[in-house]
Amino acid sequence: MSQQQTLAAYCAEVGLDPAETLKIGGQYTPVLRYDNEVFISGQVPRVGDTVVVTGKVGDDCSEEAACHAARISALRCLILLQQTLGSLQPVARVLRMNVYVQSAAGFSRQSEVANAASEVLYRVLGEAGVHTRTSLGVYQLPKNAAVEIDMQVAVRHTDAASA
Amino acid sequence: MSQQQTLAAYCAEVGLDPAETLKIGGQYTPVLRYDNEVFISGQVPRVGDTVVVTGKVGDDCSEEAACHAARISALRCLILLQQTLGSLQPVARVLRMNVYVQSAAGFSRQSEVANAASEVLYRVLGEAGVHTRTSLGVYQLPKNAAVEIDMQVAVRHTDAASA
Amino acid sequence: MSQQQTLAAYCAEVGLDPAETLKIGGQYTPVLRYDNEVFISGQVPRVGDTVVVTGKVGDDCSEEAACHAARISALRCLILLQQTLGSLQPVARVLRMNVYVQSAAGFSRQSEVANAASEVLYRVLGEAGVHTRTSLGVYQLPKNAAVEIDMQVAVRHTDAASA
């Protein structure tokens, strides 16, 4: 399967549409390319208009649900990347992924939740998806989301820059 | 109004002096330019020697006060940027802004607080101020600050680099 | 003392081996170089197989222990940097360090904890170690670690890139 097909298959599993325009509010942008880098705003596990996984992980949100949330957030980042670049082909390397887990007191398996997102990157992008990562347990996330993920991505140099 | 004038007007509203040397402690720097990027250390809503908005947002700090804090933190970033570059003219794009909100349990309107900072960037910098963003609710911030903001900014290529 | 000797001396103090392969799990990497930048994944104060400083800073972990944790995390970043570049000589500038402190309610001395890490960078790298920084008090960290630190580092342009 091509990267695009792998992404589409993954999105179908969780109910995401890769062609959908991802909504945000406020005077910022969900994604921007500058020279050969792409920055992606923090993505919560929203499908359509709904944040589908909410709550404190380790309390009213299970670790399994949090992994599902992490996959959706990672897929949203990949959708934004694909929409910005036309395809995932120009991706040279995911430089950094930050994984924020809305955590209950005593929950310290943020790395395990983040692994679900890391696996999505690797399965879709292969070696270009092997990234550095920071996983944190935060107190509250926007809209009571269980997980939020952002990324910084390098684009192949041969590809024309759009500042 | 020029960008400089817009920034000065904003600063006057909240009691900040754009010519002030912003204080920090420790063996780090509030701002650094390397090649065509500027990195700005996390800014709390300090005016002069005082952190003017403290407490947990949603509990002993109102959302309105938190928006005020977000504006001050964003303005401090712009002051540092202007002082480093001589003016805001060389700013090509704010690549990323992270907004950390010291949140009470159950407060999940971090995006709304962050919007106040995003608006400052857009009003002062125009299109160059349209950034990617991650908003988080953290448990504690240095000096009990209600908000902390950091940024990564791209500078126009035609401008000479100072490594 | 050379940078390498300074790092080795520091590592010996806390029980770290600069030649050790630092372990991680998951489909990501502890460090990557792309062009002239190095990204380092979040490092907890692990020595060998053990996270040696755990708990909530300000409660069951003292500020002094947290400073020790911050030093170990910073040293792990420097070890990864040295292993990736062959030596610390090619380091042009530490652009950004994020310091995450697992904080008890009411603990707001994250900057003081971060200072211990900043000092390590300055002592080992000199001016190239003067960085921008964001210090945050988070609710939970992976493996109940007291501190987590990540970095973004610029490498000298004259040095050959390895993508």
Side chain, backbone, both or neither of V94(B) within contact of chain A (heavy atoms, under 4.5 Å): backbone
Under 4.5 Å from a heavy atom of chain A, the part of A104(B) involved: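 For A104(B), the backbone is the part near chain A, not the side chain.
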Has the side chain of [X] got a donor or acceptor atom that lies under 3.5 Å from a matching backbone atom of [Y]?
{"X": "E148(A)", "Y": "T134(B)", "answer": "no"}
{"X": "Q140(A)", "Y": "F107(B)", "answer": "yes"}
{"X": "S41(A)", "Y": "T132(B)", "answer": "no"}

Option among E119(B), H131(B), R133(B) that satisfies the side chain to side chain contact (heavy atoms under 4.5 Å, CB included) test with Q27(A):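 Only one option passes, and that is E119(B).
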Taking every non-hydrogen atom, the tightest pair across [X] and [Y]:
{"X": "S108(B)", "Y": "L141(A)", "result": "CB-O, 3.5 Å"}
{"X": "Y34(A)", "Y": "A92(B)", "result": "OH-CB, 3.3 Å"}
{"X": "R96(B)", "Y": "D150(A)", "result": "NH1-CB, 3.8 Å"}

Among the listed options G42(A), G137(A), A145(A), the residue most often paired with chain B at heavy-atom distances under 4.5 Å: G42(A)
In terms of heavy-atom proximity below 4.5 Å to chain B, should [X] be classed as side chain, backbone, both, or neither?
{"X": "V138(A)", "answer": "both"}
{"X": "I149(A)", "answer": "neither"}
{"X": "Y100(A)", "answer": "side chain"}

Best-contacting candidate, V130(B), V101(B), V113(B), against chain A by heavy atom pairs under 4.5 angstrom: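 The option with the most such pairs is V130(B).
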Trace of the side-chain contact (heavy atoms from CB on, under 4.5 Å) decision for Q102(B) with Y139(A): CA-CA 9 Å; Q102(B) 183 173 265; Y139(A) 196 47; over 6 Å; no
K143(A) side chain reached by S111(B) side chain, heavy atoms, under 4.5 Å: yes
Interatomic distance, R109(B) atom CZ to N144(A) atom CG [nearest 0.5 angstrom]: 13.5 Å
